[in-house]
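Please read the structure below before turning to the comments.
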Amino acid sequence: MLLVGISRIYLGVHYPSDILGSLAFGVFLLAVIIAPLEINDRFHLVTPVKLSAVATQPLLIAAAAALLFAGIFGAQLTPLNVVERQETTQSLAALDQVAIGQLPVYSETLTGARMEPINFIYLGSQQQIEDVFKGAGWYKADPWTLGNTLRSILVAVRNEQYLNAPVTP
C-alpha cells in the first residue's frame, strides 16, 4: 500500500497530504469493519454460517481462475503507453480575440491528459515571468524525481514546509 501511495506522488497524480489522508481513512474503515467482528467473537451475538465443502470448492476454483486470468492476460489487456512530453512555447504577434483563442485553456497532467482549467494568462517571456514571480517571493518548483518525491512525503509527515515542492505542470 505504501509503495502504491509513493508511486502516485511520484507520478504527480496526488499530493502527499492526499495519500496520508487516504491511508488514515483506510485505517478508520478497517477499525469499523474489524471492531464488530471482534465484538462478535467475544460475545457470540451472531451465529456464523458454515459452508459445506461442496459449496466452497466451486468458489475457490472460480477465484483461482480469475487470478490466473488476470495474471496471464492483465498486462496485454491494459498496455502502458510511454508518453513523451515536448515543452512548447507559443508566440503571439498581438493580443486580440484570435490570439486568445489559440491559447490553451486547460493545464495538463504529467502524461499530457487534460486537467483543471487555466485561470490566468501571463504575458511575457518565460524569463520575464520567472523574474517577476521570484521578485514577489515565489519559488520555482523542483522537478519530479524519486529523491524529491521521498522528500515531499517526509516533509508532509513532519508537517514542515518544502517551498520548492514538485507540482504538476
Side-chain angles (χ1 to χ4, degrees), residues 1-38 62-92 99-169:
M1 288 181 346
L2 291 175
L3 291 177
V4 169
I6 290 170
S7 74
R8 303 302 287 174
I9 295 168
Y10 180 76
L11 292 172
V13 180
H14 295 290
Y15 293 107
S17 58
D18 296 341
I19 300 303
L20 293 174
S22 63
L23 286 174
F25 184 65
V27 169
F28 168 76
L29 286 179
L30 276 176
V32 167
I33 293 169
I34 291 173
L37 294 173
E38 290 297 321
L67 288 173
L68 185 64
F69 180 83
I72 293 172
F73 298 108
Q76 286 84 17
L77 295 175
T78 56
L80 296 176
N81 298 324
V82 176
V83 177
E84 292 193 26
R85 293 182 41 96
Q86 296 179 356
E87 295 296 324
T88 59
T89 58
Q90 185 175 9
S91 299
L92 301 174
I100 291 174
Q102 294 174 349
L103 294 172
V105 294
Y106 286 92
S107 60
E108 59 185 35
T109 65
L110 293 174
T111 60
R114 277 175 53 165
M115 220 162 65
E116 58 266 339
I118 296 173
N119 296 318
F120 300 99
I121 298 174
Y122 299 100
L123 299 177
S125 69
Q126 182 166 346
Q127 189 61 47
Q128 288 171 327
I129 294 170
E130 287 178 8
D131 290 343
V132 169
F133 279 121
K134 188 183 289 184
W138 289 46
Y139 298 89
K140 187 170 183 173
D142 288 339
W144 279 101
T145 63
L146 181 58
N148 290 340
T149 301
L150 295 176
R151 180 176 175 201
S152 294
I153 294 168
L154 187 61
V155 164
V157 169
R158 292 180 177 170
N159 198 24
E160 297 173 346
Q161 291 185 354
Y162 180 8
L163 299 175
N164 298 73
V167 294
T168 55

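Residue numbers count from 1 along this sequence. Below, all heavy atoms of this structure are taken into account, side chains as well, without hydrogens, waters or symmetry copies. Everything numeric in this text was worked out from a predicted model, so none of it was measured.
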- [ ] State, yes or no, whether a side-chain contact exists between Asn148 and Tyr162 at a heavy-atom distance under 4.5 Å.
- [x] yes

TODO: For residues Asp18 and Ile9, determine if any side-chain heavy atom of one lies less than 4.5 Å from a side-chain heavy atom of the other.
DONE: no

Considering all heavy atoms, the nearest [X]-[Y] contact:
X	Y	answer
Ala156	Leu20	CB-CD1, 3.9 Å
Leu37	Ile33	CG-O, 3.5 Å
Ile19	His14	CD1-CB, 4.0 Å
Met1	Leu23	CE-CD2, 4.2 Å
Ser152	Ala165	OG-CB, 4.5 Å
Asn164	Lys140	ND2-O, 2.8 Å

Task: Gap separating the CG atom of Leu150 from the CG atom of Leu146, nearest 0.5 angstrom - done: 4.5 Å

Open item on the list: As an exercise, state the distance from CG of Leu30 to CZ of Phe25, rounded to the nearest 0.5 Å.
Closed with: 11.0 Å

Open item on the list: If you count heavy atoms of other groups shown closer than 6.0 angstrom to CG of Leu3, is the number above 12?
Closed with: no

Task: Which residues share a ring pair (Phe, Tyr, Trp, His ring centres under 6.0 Å) with Tyr139, sequence neighbours left out - done: none

TODO: Could you tell me which residues satisfy side-chain contact (heavy atoms from CB on, under 4.5 Å) with Gln127, sequence neighbours excluded, listed by chain and number?
DONE: Ser125, Glu130, Asp131

TODO: Evaluate the ring planes of Trp138 and Phe133, with Trp represented by its six-membered ring, and classify them as parallel (under 30°), tilted (30 to 60°) or perpendicular (over 60°).
DONE: tilted

TODO: Would you list the pairs meeting salt bridge (charged side-chain N to carboxylate O under 4.0 Å, His left out) in which at least one residue belongs to residues 150-163, sequence neighbours left out?
DONE: none

